[in-house]
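Have a look at the structure below, then the notes.
Model, not experiment: these values are computed from the prediction.
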Amino acid sequence: MNRKEIARHYANAIVKLVVYIVVYVVVAAVVHWLIVYLLPTMFHIDVKPYEGYVNVLLALAFGYLIVSAFADVIYWAMRFRYDHPTARAMRNVFLLIGIGALVAGIAGAIGGGVAGVAVGGFLGIVIGFAVQQVLGQAVAGLFLLLARPFKINDHVNLLGEDGIVNDVAILFTEVIKSDGSKVLIPNNSIIGNKIYLLPKQQPQQQQQQQQK
């Protein structure tokens, strides 16, 4: 994909992000007007006690769309300098962080005041512990993609696993061994350990090893 196509996708991602934000503000304003002014005045229906629940649903729905659109902006911005796996890893990291912040923020808003801050902070800690290992693997995968100690099709030995690198994803590095079996190695286990870059195997050697 050339830079012109990347720039077009990047501009579209920014437009989508702005549209989601504007639509959310407009919808929230319309819902507030309906609940506070229109329904009680014209139809004598009092649903003000439920306005908070409606706002929470709106925040969850549009919040996810906005966070996802922002992650797409990060992805296409990264594509100007990096390849798809690196940009995808960065996008997923921002998506995870954004969703965690969204849930913690909504929980804090529901509680209100000091209680809201306490609830939001507690939920943020819980989410942080829950996704600690996943985020650790994601960050490690991002470091591997940026530092590039090895590339796709390199012959490596990682944590005692000898084979050809087939994929470097955000959570795992996939290595295909000589017998054809696939090994998924957690990225956070690779960081901090020795990485052996071995001479590339010739096709005849690979066939001989597979026959054995």
Side-chain angles (χ1 to χ4, degrees), residues 6-80 82 84-142 145 169-171 188:
I6 293 175
R8 179 170 58 84
H9 286 291
Y10 178 62
N12 291 338
I14 294 177
V15 171
K16 184 169 67 172
L17 174 62
V18 174
V19 168
Y20 283 152
I21 294 174
V22 172
V23 171
Y24 172 60
V25 172
V26 172
V27 171
V30 171
V31 169
H32 177 74
W33 176 73
L34 288 173
I35 293 176
V36 176
Y37 299 103
L38 183 63
L39 294 179
T41 303
M42 297 186 63
F43 302 99
H44 304 288
I45 300 176
D46 184 15
V47 291
K48 291 181 182 179
Y50 304 100
E51 183 180 6
Y53 299 103
V54 175
N55 288 331
V56 168
L57 293 176
L58 289 175
L60 283 173
F62 282 97
Y64 177 78
L65 293 176
I66 291 172
V67 169
S68 180
F70 178 74
D72 288 339
V73 172
I74 297 298
Y75 170 82
W76 290 111
M78 293 286 294
R79 283 303 306 272
F80 283 107
Y82 301 101
H84 168 68
T86 305
R88 183 184 61 182
M90 181 65 77
R91 178 192 182 280
N92 291 339
V93 169
F94 273 89
L95 186 62
L96 288 172
I97 295 174
I99 292 175
L102 173 66
V103 174
I106 291 176
I110 293 175
V114 177
V117 174
V119 172
F122 174 75
L123 186 57
I125 293 174
V126 172
I127 294 174
F129 278 112
V131 301
Q132 180 179 7
Q133 186 171 2
V134 176
L135 285 178
Q137 287 187 221
V139 173
L142 183 61
L145 290 167
I170 186 172
L171 298 179
N188 57 351

_For Arg88, side-chain hydrogen bond (donor to acceptor under 3.5 Å, both in side chains) partners two or more places apart_ =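 For Arg88 there are no side-chain hydrogen bond (donor to acceptor under 3.5 Å, both in side chains) partners, ignoring immediate neighbours.
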Can I get a per-line list of side-chain donor-acceptor pairs under 3.5 Å for residues 48-73, giving both atom names and the distance, sequence neighbours left out?
residue: Glu51; atom: OE2; partner: His32; partner atom: ND1; Å: 2.6
residue: Asn55; atom: ND2; partner: Glu51; partner atom: O; Å: 3.2
residue: Asp72; atom: OD1; partner: Arg91; partner atom: NE; Å: 2.7
residue: Asp72; atom: OD1; partner: Arg91; partner atom: NH2; Å: 3.1
residue: Asp72; atom: OD2; partner: Lys16; partner atom: NZ; Å: 3.3

_Close aromatic pair by centroid cut-off 6.0 Å: Tyr75 and His9_ =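 No; His9 has its ring centre 6.0 Å or more from that of Tyr75.
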_Rounded to the nearest 0.5 Å, what separates atom CG in Asn92 from atom CG in Leu95?_
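Reported to 0.5 Å precision, the distance equals 6.5 Å.
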